[in-house]
Amino acid sequence: MDAADVIPIPMMSLQGSDKGGGVLHLKSAVTHIDEETLLIPEGKFGDILAEEMKVAERGYTAIRLPDVLSCNAVVVNGHVMAQDSPCS
């Protein structure tokens, strides 16, 4: 197994007030859709995540969604499954 690049994200970022408050854990705020695509929320909270993760420098495309709930998804056999969210 190849070594993983560990990216520390300050926990205070997960408790942020701008569309990030109440996030259970990092995996419920950022979803790895495929080898090059991430779902990340819009706003200050998403900006912090994208910056700390160095999304652009690592070659990822970030799809920015209007709220954290819409980023809480899982991919199974190429299908994205997400909870019903009004994206408001």
Side-chain angles (χ1 to χ4, degrees):
M1 179 193 315
D2 293 332
D5 185 16
V6 177
I7 304 165
I9 304 294
M11 283 306 292
M12 59 188 262
S13 297
L14 295 177
Q15 303 304 320
S17 60
D18 185 301
K19 298 185 181 183
V23 173
L24 180 61
H25 47 69
L26 183 59
K27 290 182 354 181
S28 65
V30 177
T31 297
H32 190 245
I33 295 297
D34 59 30
E35 293 299 317
E36 57 192 37
T37 312
L38 300 172
L39 298 180
I40 299 177
E42 293 177 344
K44 183 178 178 183
F45 177 65
D47 294 344
I48 291 169
L49 292 173
E51 182 180 323
E52 293 291 330
M53 294 173 68
K54 297 180 176 38
V55 170
E57 292 105 24
R58 296 182 194 292
Y60 285 105
T61 298
I63 298 174
R64 302 295 296 267
L65 298 176
D67 61 31
V68 173
L69 289 178
S70 54
C71 294
N72 188 9
V74 64
V75 180
V76 177
N77 294 329
H79 300 280
V80 178
M81 295 185 288
Q83 62 191 20
D84 187 12
S85 173
C87 288
S88 58

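For this chain, numbers begin at 1 and follow the sequence in order. Since we're looking at a predicted model, the values are computed, not measured.
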For Val76, the hydrophobic cluster (side chain heavy atoms closer than 4.5 Å, chained through members) also holds Val74, Met81
With a cut-off of 3.5 Å and sequence neighbours excluded, list every side-chain donor-acceptor pair involving residues 57-66.
residue : atom : partner : partner atom : Å
Arg58   : NE   : Met53   : O            : 2.7
Arg58   : NH1  : Asp5    : OD2          : 2.6
Arg58   : NH2  : Asp5    : OD2          : 3.4
Arg64   : NE   : Pro41   : O            : 2.9
Arg64   : NH1  : Asp47   : OD1          : 3.3
Arg64   : NH2  : Pro41   : O            : 2.9
Arg64   : NH2  : Gly43   : O            : 3.4
Arg64   : NH2  : Asp47   : OD1          : 2.8

Okay, side chain of Thr37, backbone of Asp34: is any donor-acceptor separation there less than 3.5 Å?
no
Under 4.5 Å between any side-chain heavy atoms of Val30 and His32, yes or no?
no
Exercise: identify the closest heavy-atom pair between Cys71 and Ala29
CB-O, 3.3 Å
